[in-house]
Each structure stands twice: as C-alpha cells, then as structure tokens.
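Here is the structure we will look at.
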Amino acid sequence: MSGFTNEQAPITPPLSVEDFMRGEPAEIIGADQNPKILVVWPHGDEKLGPRLGHYMQTERPDLLQHVDYICGNPRAAAKEPSVRYVETDLNRSYKPQNGVPKSYEEKRAQRILEQIDDTGYDYVLDIHTSRSDVDRFFLANRRTAAVDAVIAASPIDRVVIMPDHIVDVSLIGRVPNAIALEYARSVPEEQGVEECTLIIDSLVSGVSQVKPHEREFFYVTRTIPRDDEPTNGRNFELCPEGYYPVIYGGINGGTYRNDPSKKYVGFAATSMERAIL
Ligand SMILES: [Zn+2]
C-alpha cells in the first residue's frame with residue numbers, strides 16, 4: 001500500500017500544445033513495440049514537431065507504443081519568443097570538434113545520438129518547418145531501405161539528397177535510418193500533423209496507404225554562397241547557372257540568409273532524377 005488514495009494523488013493537468021511548443025515535455029520515451037520510431041524536432045522556433053507530439057499524446061496515445069518523442073532544444077523553445085538555437089545550431093552540432101561536446105546544443109546532440117544508439121530505432125523522423133518558399137520535401141544523406149520506406153509511406157514527392165561533406169555535422173548525416181521532413185510555414189500545420197501521422201501509421205503497419213508514384217530526387221553537391229546567387233533563383237527549378245536551388249530563401253529572406261553563422265543562402269542541386277516509390 002502506498003498510503004495514497006485517489007483523492008490525495010497530485011493532479012497533473014494535461015500539457016497543452018503551447019506547453020509542447022515551449023519544450024515541455026522535453027521527451028516522451030517509452031516505445032516498447034517494433035518497429036520503433038523516433039520523432040525529434042531540433043529547432044526551438046519551429047512548430048510542427050511539438051504539434052505532432054501533442055497530437056500523438058492527446059489523440060493517438062496508441063502510437064506511443066512505437067514512437068518516442070524528443071524536443072531537441074528545450075532551452076531554445078522555452079525562450080520568449082522562442083529561438084532557433086541558443087549557442088550553436090543543433091542540426092550542425094552532431095560532430096563537435098575533437099569529438100568533445102562543448103555548446104549546449106552539442107551536448108543535446110550527444111544525448112539524442114545516445115538515445116538512438118541505445119534504442120536502435122528503425123526510423124528517425126527529424127521534423128522541421130522551413131522559411132523557404134517551398135511546399136514540403138524530404139532531406140536525406142542517401143537512399144537507405146529505411147529512408148525509402150518513409151518516402152514510400154508519404155504523399156511528399158520531392159527528396160533532397162545531401163552530400164556527406166555538408167551533413168556530416170547533422171542528424172541525417174550521422175544516422176542512416178534518419179530522414180528530415182521540411183514543411184513550409186505556409187502549409188497548414190494541421191496538414192503537416194495529418195501527413196506525419198499517415199507516415200507513422202504506414203510504418204507501424206508495414207503497409208503504405210499511399211500508392212507508388214513518381215518522386216523527384218535532387219542531388220546537392222555544394223552550397224550557394226552569399227556573393228554568387230542564382231539569377232531569378234527558385235527552389236526546385238533549374239536556374240540559368242545550371243543547377244536547382246534548394247532551401248533557398250530568395251532575396252527577401254530565408255532560413256540561412258537571416259542566420260549570421262551561415263556563409264551561404266541555400267544549396268545547389270546539380271542533378272535530378274525521377275524514381276517510382
Ligand atoms: Zn529546422
């Protein structure tokens with residue numbers, strides 16, 4: 001007997017979607033059924049990841065048998081207003097100098113990698129909201145079986161394949177089962193939550209609810225420097241300079257243009273191929 005009755009038990013109010021956006025809870029860990037999936041959102045000022053976490057906890061707790069959830073950067077999310085990161089961009093913090101994490105985000109990255117190592121997730125979904133004028137797309141380091149399974153389970157038709165030398169500091173470069181999802185802020189967040197849930201449901205059941213169809217794979221080879229921008233560059237459209245700009249903000253803004261730690265304004269995909277998935 002614990003000595004507590006129901007009347008005496010402390011009452012914990014359910015966490016709201018605003019709590020999730022402020023980084024609370026920092027983690028929901030408890031998946032004990034295969035396949036196992038990790039949902040992580042690294043940037044403190046992005047809203048799709050916390051919305052998905054709140055949705056699973058309140059509407060689809062059954063999914064938490066398979067899905068663990070991590071707010072990558074609780075400190076950045078808790079700022080008022082929330083910020084992308086506090087010391088170093090978490091998504092560039094997965095390979096600290098000399099292997100020793102120093103910044104807050106480098107320590108968080110190490111914690112996330114340890115959780116991934118310990119649990120051995122079948123799939124890692126790295127959830128982002130983008131300031132670029134794009135609809136929605138995936139980012140991966142290469143096409144692994146896990147990456148292809150996530151793409152096949154989704155209605156998203158564009159995939160950006162990033163080279164080792166750019167993403168060796170990022171989650172997708174360190175974890176072969178990881179794939180990033182980028183949703184433009186203009187896409188309604190309800191749609192993002194619905195599509196992420198569709199992907200998770202398909203991965204859990206092993207049966208995709210999306211018919212195989214043509215997808216576009218854009219192969220990035222380099223960054224777009226601030227002083228060498230494409231003429232009338234538009235994301236995913238071949239520019240006169242002979243490449244496809246991706247995650248490119250255009251002259252009016254964009255995630256990277258407004259970030260003084262970045263020497264580039266986007267990435268250049270120098271080839272594109274189509275595949276049925
Ligand atoms: Zn992000």
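As the structure is a computational prediction, the values presented were derived from the model and not from experiment. Every heavy atom of this structure was used, including side-chain atoms; hydrogens, water molecules and symmetry mates were not.
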All side chain to side chain contact (heavy atoms under 4.5 Å, CB included) counterparts of Pro101, not counting sequence neighbours: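 Once residues adjacent in sequence are excluded, the partners of Pro101 under the side chain to side chain contact (heavy atoms under 4.5 Å, CB included) criterion are Pro96, Glu106, Lys107, Gln110.
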Test side chain to side chain contact (heavy atoms under 4.5 Å, CB included) applied to Pro260 - qualifying residues, sequence neighbours left out: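 Side chain to side chain contact (heavy atoms under 4.5 Å, CB included) check on Pro260 returns nothing, list empty.
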Other hydrophobic cluster members with [X], side-chain heavy atoms of Ile/Leu/Val/Met/Phe/Trp/Tyr under 4.5 Å, chained?
X	value
Val83	Val86, Tyr104
Val17	Met21
Leu198	Val210

Selection residues 14-26 - residue pairs positive for side-chain hydrogen bond (donor to acceptor under 3.5 Å, both in side chains), sequence neighbours left out: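 The answer is Ser16-Glu18, Ser16-Asp19, Asp19-Arg22.
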Selection residues 138-151 - residue pairs positive for side-chain hydrogen bond (donor to acceptor under 3.5 Å, both in side chains), sequence neighbours left out: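 Output for this query lists Asn141-Asp164, Arg142-Asp164, Arg143-Asp148.
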Pair listing, salt bridge (Lys or Arg N to Asp or Glu O under 4.0 Å) test, anchored in residues 48-65, at least two apart: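 Sorted pair list: Arg51-Glu189, Arg60-Asp62, Arg60-Asp201.
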Those residues that, when tested against Gln209, pass side-chain hydrogen bond (donor to acceptor under 3.5 Å, both in side chains) (two or more places apart):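 side-chain hydrogen bond (donor to acceptor under 3.5 Å, both in side chains) check on Gln209 returns nothing, list empty.
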Report all side-chain donor-acceptor pairs from residues 265-277 shorter than 3.5 Å, counting only partners two or more places apart or in another chain.
residue: Thr270; atom: OG1; partner: Thr221; partner atom: OG1; Å: 3.0
residue: Glu273; atom: OE2; partner: Tyr219; partner atom: OH; Å: 3.2
residue: Arg274; atom: NH2; partner: Glu216; partner atom: OE2; Å: 3.3

Return a table of donor-acceptor pairs under 3.5 angstrom between the side chains of residues 30-42 and protein atoms on other chains or two or more places apart.
residue: Asn34; atom: OD1; partner: Lys36; partner atom: NZ; Å: 3.3
residue: Trp41; atom: NE1; partner: Tyr69; partner atom: OH; Å: 2.8

Distance-only criterion, 3.5 Å: show the donor-acceptor pairs between side-chain atoms of residues 175-183 and protein atoms not counting sequence neighbours.
residue: Asn177; atom: ND2; partner: Tyr121; partner atom: O; Å: 3.1
residue: Asn177; atom: ND2; partner: Asp122; partner atom: O; Å: 3.2
residue: Tyr183; atom: OH; partner: Glu195; partner atom: OE1; Å: 2.5

